[in-house]
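Since this is a predicted model, take the numbers as computed values, not measurements.
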Amino acid sequence: QDYVVQRRPDDSLEITDFYILLTGEMFSQTLRVPYALAVAEHMKNATFIRQVLGADNSVIDAISKLTAIAALFKANHYKEALDAIDALPPSVQKIKMILMIRFECAEKYYGSGSPQSAAVVDDIRAALPDDPAVNFLAVDSYIVRKQYDKADEALANVNVFAGGHDGYVDVLRANVQKDAGHTAAA
């Protein structure tokens, strides 16, 4: 299901939520963590963050650090943001939002396909192995490293999540096969 549709009182329909492949979750879920962290930081209320996110004390203790990381990212201080992420407790580093910020920072600071960016992709894939968004994210990293089998495997996982054969994913898989020199499979 890509959209959540709700009927309005006037009988018209409205979309109230939608799925984002790149994050692998509904838009409301993507917004939930940063919104809850911002509210908790403003309210200085650990109980709120525990109730909304089910977070443990390590997340609550890191709220101000997470706010600082977001500010560093927004100010294009990618290396400083990466250093701050590395200083977080391991349980906090594995939050999907933090993993994605780490990926974006590595891509912007070290460059797409760099060994550092590739290591971040591998870390994300290890932390969230069944996440379709992570599989999709990993494809470019594998192609740059000429790991075509892994790129094809990641796209196959995305295809399974998409319900079998998504036309766009099939084209990407064919391009991976072509790049690997397997023109017959392409």
Would you please name every residue forming a salt bridge (charged side-chain N to carboxylate O under 4.0 Å, His left out) with Arg7, sequence neighbours left out?
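By the salt bridge (charged side-chain N to carboxylate O under 4.0 Å, His left out) rule, Arg7 matches no residue at all.
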With sequence neighbours excluded, tell me which residues meet salt bridge (charged side-chain N to carboxylate O under 4.0 Å, His left out) with Asp140.
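Asp140 satisfies salt bridge (charged side-chain N to carboxylate O under 4.0 Å, His left out) with no residue once adjacent residues are dropped.
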Identify, with sequence neighbours excluded, every residue that meets side-chain contact (heavy atoms from CB on, under 4.5 Å) alongside Thr183.
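Testing Thr183 for side-chain contact (heavy atoms from CB on, under 4.5 Å), a comparison that skips the adjacent residues, returns none.
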Going by side-chain contact (heavy atoms from CB on, under 4.5 Å), name the residues that satisfy it together with Asp86, two or more places apart in sequence or in a different chain.
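side-chain contact (heavy atoms from CB on, under 4.5 Å) check on Asp86 returns Arg102.
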Do the side chains of [X] and [Y] join up, straight or via other hydrophobic residues, at under 4.5 Å, putting them in one cluster?
| X | Y | value |
| --- | --- | --- |
| Val134 | Val144 | no |
| Leu72 | Ile101 | no |
| Val139 | Tyr168 | yes |
| Ile143 | Phe136 | yes |

If you define the side chain from C-beta out and look only at heavy atoms, does anything of [X] sit under 4.5 Å from [Y]?
| X | Y | result |
| --- | --- | --- |
| Asn76 | Lys108 | no |
| Val120 | Tyr110 | no |
| Val158 | Leu172 | no |
| Leu66 | Leu88 | yes |

Listing request: all ring pair (Phe, Tyr, Trp, His ring centres under 6.0 Å) pairs with a residue in residues 112-134, at least two apart in sequence or in separate chains.
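Every candidate ring pair (Phe, Tyr, Trp, His ring centres under 6.0 Å) pair involving residues 112-134 fails, so no pair, neighbours aside, qualifies.
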Among residues at least two apart in sequence or on other chains, which ones pass side chain to side chain donor-acceptor pair (under 3.5 Å) with [X]?
| X | answer |
| --- | --- |
| His77 | none |
| Lys79 | Asp83 |
| Ser112 | Glu107 |
| Arg125 | Asn135, Tyr142 |

Nearest heavy-atom pair of Ile124 and Leu99: which atoms, and what distance?
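Shortest heavy-atom contact: CD1-O, 3.4 Å.
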I need the minimum non-hydrogen distance between Ser117 and Gly111, along with the two atoms involved.
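So the minimum-distance heavy-atom pair works out to OG-O, 3.0 Å.
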Only pairs at least two apart or in different chains count here, so list each salt bridge (charged side-chain N to carboxylate O under 4.0 Å, His left out) that has a residue in residues 173-186.
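The answer is Asp152-Arg173.
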With Phe73, which residues qualify under ring-ring contact (aromatic ring centres under 6.0 Å, His included), at least two apart?
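Scan of Phe73 (ring-ring contact (aromatic ring centres under 6.0 Å, His included), adjacent residues dropped) gives Tyr78.
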Please name all residues satisfying ring-ring contact (aromatic ring centres under 6.0 Å, His included) with Phe18, sequence neighbours left out, ordered by chain then number.
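With neighbours one apart ignored, the set is Phe27.
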